[in-house]
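Report on one structure; see the data block that follows.
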Amino acid sequence: MSIDYPEKFVAELDGKYEGWVLEELVSEKEIRTRVKELGREITNHYKDKTPILIAVLNGSFIFIADLIREMDIECEVDFIKLSSYMNETKSSGTVRLVKDISANITDRDVIVIEDIVDSGLTIKFLKNRMEGSGPTSVAFVTLLHKEEVSKIDFDLDYVGFKIPNKFVVGYGLDLDQKYRKLPAIYTVKESDQNGRS
Ligand code: 5GP
């Protein structure tokens, strides 16, 4: 076992999710390293500009808080809230605007900050919403990308980690509004009869 990477964290859930387990997929250290790299890349790209970062609530609140502190340029922050996942681990298939941005993004360099791109429905909705307001540029950052399942016909500018098509929680992402404060990214699945995933 290496000193830097502790043995894989596995935890059994209780209550409503009794019989389900969390298993670490991306460690806290891997996230920290990658967020620093993303911060550097964005800084280099937007040198001498003041972009506006638009974070997608609720899942990206921890990611944006860490990312912005790894960026060495001045920037503004705003938030948008959409709903595509109704509950638990299943998508509703439609995207609804729950809270729009407050800032005027016309003639601005916009950077959309997503926690995860799954089917791609949400990011497509965001692209239309942003481009409809006449910004100078729009870039997309996502911490996680389920590349195998997402159906988008444009490039994501910055991707933290490509992950398999599994439901994940932690570092801002929830299961039924819980587990957002976990420091790393974990898969959630039902354990088999032996109690092991
Ligand atoms: P999409 O529209 O790309 O299918 O999904 C985007 C939104 O669904 C994300 O912003 C996130 O809120 C939610 N989502 C998608 N996959 C996951 C996942 O594995 N875990 C969690 N907690 N939320 C997810």
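Counting starts at 1 for both ligands and their atoms, following the listed order. Because only heavy atoms are used, hydrogens play no part in the values below, and waters and symmetry mates are left out as well, while side chains stay in.
- Within the 4.0 Å heavy-atom shell around ligand 1 one does not find I123.
- For the pair L38 and G160, the tightest heavy-atom approach, listed with the atom from each and the gap, is CD1-CA, 4.1 Å.
- No heavy atom of V56 sits closer than 4.0 Å to any atom of ligand 1.
- Atom CZ of residue F63 and atom CG of residue L143 lie 5.0 Å apart, to the nearest 0.5 angstrom.
- The closest approach between I116 and ligand 1 falls below 4.0 Å for a heavy atom of the residue.
- Note that CD1 of I64 and CG of D115 are 11.5 Å apart. Values are rounded to the nearest 0.5 Å.
- Taken from NZ in K162 to CD in E148, the straight-line distance is 11.5 Å, to the nearest 0.5 Å.
- Aromatic rings of Y179 and Y186 (six-membered ring for Trp) have centroids beyond the 6.0 Å cut-off, not under it.
- No heavy atom of K124 sits closer than 4.0 Å to any atom of ligand 1.
- At a heavy-atom cutoff of 4.0 Å, ligand 1 is contacted by the backbone of K166 but not by its side chain.
- The contact set between ligand 1 and E114, taken as ligand atoms under 4.0 Å from a residue heavy atom, comprises 10 (O).
- In this structure, I163 and I116 have side chains that are in contact, with non-hydrogen atoms separated by less than 4.5 Å.
- Taking a 4.0 Å cut-off on heavy atoms, G59 fails to register as neighbouring ligand 1.
- Using a 4.0 Å cut-off between heavy atoms, V95 makes no contact with ligand 1 at all.
- Some N or O of G120 is nearer than 3.5 Å to an N or O of ligand 1, by distance alone.
- Ring orientation note: the planes of Y158 and H45 are nearly perpendicular, at an angle over 60° on the 30°/60° scale.
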